[in-house]
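Right, one structure below, let's go through it.
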Amino acid sequence: TDRSGIAARGATVEELATLTQAFASALKSYSPQIQRDENGVMAEDVKGFFVDTPALYEGIVAEFPFLDAPGRTPKPLLSSRLMSRLDFTGFFFPFTAETLINVDSPACLIPATILHEMSHQRGVAPEDEANFVAILAGIRSGDAVFGYSAALLGFIHLGNALYSVAPDTYYAIRATLNPDVEADLQYNNAYWNQFDTKLDEAVETVSTTVYEGFLHSYGETEGKRTYGRCVDLLVAYYFDHYWAQN
């Protein structure tokens with residue numbers, strides 16, 4: 001945030017609904033370009049996600065030059081199923097600058113995870129800021145698969161925030177999604193719910209504490225609320241920068 005000039009801020013319910021709807025519309029545009037199985041779930045070749053990944057950041061680097069860095073190709077994680085039990089989708093190992101990705105998790109969010117972990121390689125440490133950068137990088141990448149995955153990640157963050165304050169509005173927007181997008185959301189939920197057992201609770205507690213140092217809290221201003229840094233940055237970026245200039 002210091003280097004981009006984007007100041008995270010709270011949002012009104014109307015702003016949050018407008019941006020959530022914009023991401024829903026983006027998903028409707030991307031979705032027909034995605035390979036799917038008989039259930040409508042993304043069925044893209046996961047191996048293809050790891051081809052020419054450094055080029056994915058060219059679009060966002062043009063907008064934010066400080067994110068430029070030598071390209072390093074992420075690697076699939078051999079123990080991916082175990083990482084799902086630990087509630088990890090990927091991680092960046094700073095001592096070797098390697099990025100390892102959980103490829104057992106649903107394909108629809110693996111491209112966004114790759115972009116997220118690549119942001120750590122480029123000096124973005126906080127998790128919520130890394131999600132924000134991943135979302136913009138995917139949308140600016142020019143690649144439909146990465147754009148779709150990034151828009152899906154953005155919709156999930158924005159939708160969760162909107163649901164917390166205006167559930168009826170959230171459900172009205174979600175009802176406009178393509179059936180295939182809904183299939184990905186349902187499949188993603190089902191995948192992660194299978195690990196939500198009493199046996200895994202102790203393991204999950206350990207894994208979630210890893211990120212406690214990145215959590216933030218904010219005060220409220222009149223008519224606005226904050227929803228976490230990723231959502232706050234998305235609101236600030238689109239309303240105060242991108243839409244204001246286009």
Side-chain angles (χ1 to χ4, degrees), residues 1-11 15-16 19-20 22-23 26 53-54 56-72 74 87-95 97-102 109-141 146-147 149-162 164 207-221 224-245:
T1 57
D2 292 339
R3 301 188 69 182
S4 69
I6 299 171
R9 66 168 177 87
E15 286 177 326
L16 192 56
L19 191 53
T20 304
F23 271 74
T53 52
L56 295 168
Y57 261 72
E58 290 178 358
I60 193 173
V61 165
E63 188 170 1
F64 301 112
F66 63 87
L67 289 172
D68 194 15
R72 292 180 180 270
D87 198 27
F88 277 94
T89 55
F91 61 88
F92 170 62
F93 193 61
F95 300 106
E98 284 187 307
T99 297
L100 300 174
I101 305 297
N102 176 350
L109 287 173
I110 291 177
T113 299
I114 289 173
L115 293 168
H116 171 105
E117 299 303 334
M118 288 177 69
S119 76
H120 289 323
Q121 291 179 322
R122 294 162 188 267
V124 181
E127 293 298 300
D128 277 0
E129 289 191 9
N131 279 334
F132 167 73
V133 170
I135 291 165
L136 287 194
I139 291 171
R140 299 280 179 269
S141 69
F146 279 82
S149 186
L152 190 66
L153 179 62
F155 178 83
I156 290 170
H157 278 278
L158 292 162
N160 286 342
L162 181 60
S164 71
S207 65
T208 53
T209 56
V210 172
Y211 298 118
E212 284 183 355
F214 298 124
L215 299 180
H216 301 269
S217 61
Y218 301 89
E220 296 183 8
T221 58
K224 295 184 179 182
R225 291 183 54 177
T226 57
Y227 301 92
R229 202 161 185 82
C230 179
V231 170
D232 295 346
L233 284 168
L234 285 170
V235 169
Y237 174 77
Y238 278 100
F239 283 96
D240 302 341
H241 292 264
Y242 188 72
W243 286 341
Q245 298 170 6

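Counting all heavy atoms, side chain and backbone alike, R140 lies closest to I60 at CB-N, 3.9 Å. Residues M118 and T53 come closest through the heavy atom pair CE-O, 3.5 Å. Considering all non-hydrogen atoms of both residues, A150 and A134 come closest at CB-O, 3.9 Å.
Contact annotation: the side chain of L136 approaches that of F64 to within less than 4.5 Å [non-hydrogen atoms, C-beta and beyond]. Taking the side chain as every heavy atom from C-beta outward, L19 and V231 never approach each other to under 4.5 Å.
Expressed to the nearest 0.5 Å, how far CD of E117 lies from OG1 of T89 amounts to 6.0 Å. Separation of atoms OG1 (T99) and CZ (R72) is listed at 9.0 Å; rounding is to 0.5 Å. With rounding to the nearest 0.5 Å, the separation of CD1 in I110 from CD1 in I101 is 8.5 Å. The distance from atom CD1 of I135 to atom CG of L233, rounded to the nearest 0.5 Å, is 9.5 Å. The distance from the CG atom of L56 to the CD1 atom of I114 is 8.0 Å, given to the nearest 0.5 Å. Rounding to the nearest 0.5 Å places CG of D128 at 6.5 Å from NE2 of H157.
In this structure, the side chain of D232 engages the main chain of Y227 through a donor-acceptor pair within 3.5 Å. A donor-acceptor distance shorter than 3.5 angstrom exists from the side chain of S149 to the backbone of A112, with no hydrogens or angles considered.
The number of heavy atoms from other shown groups lying within 6.0 Å of CZ (F66) is above 12.
Contacts of R9 classified as side-chain contact (heavy atoms from CB on, under 4.5 Å), with partners at least two apart in sequence or in another chain: E15, K224, V235, A236, F239, D240. Considering only residues two or more places apart in sequence or on other chains, F146 meets the ring pair (Phe, Tyr, Trp, His ring centres under 6.0 Å) condition with none of them.
Aromatic ring orientation, Y237 versus Y242: parallel (interplanar angle below 30°, classes split at 30° and 60°).
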Apply side chain to side chain contact (heavy atoms under 4.5 Å, CB included) to the pair V61 and R122, showing each step before the final yes or no.
CA-CA 11 Å; V61 165; R122 294 162 188 267; 4.0 Å; yes
Between F23 and L234, does the side chain to side chain contact (heavy atoms under 4.5 Å, CB included) criterion hold? Intermediate values first, please.
CA-CA 11 Å; F23 271 74; L234 285 170; 4.2 Å; yes
Run the numbers on D68 and Y57 for side chain to side chain contact (heavy atoms under 4.5 Å, CB included), then give the verdict.
CA-CA 8 Å; D68 194 15; Y57 261 72; over 6 Å; no
Kindly determine whether L153 and N131 satisfy side chain to side chain contact (heavy atoms under 4.5 Å, CB included), including the steps that lead there.
CA-CA 8 Å; L153 179 62; N131 279 334; 3.8 Å; yes
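Judged purely by distance below 3.5 Å, without hydrogens or angles, the side chains of H120 and E127 pair a donor atom with an acceptor atom.
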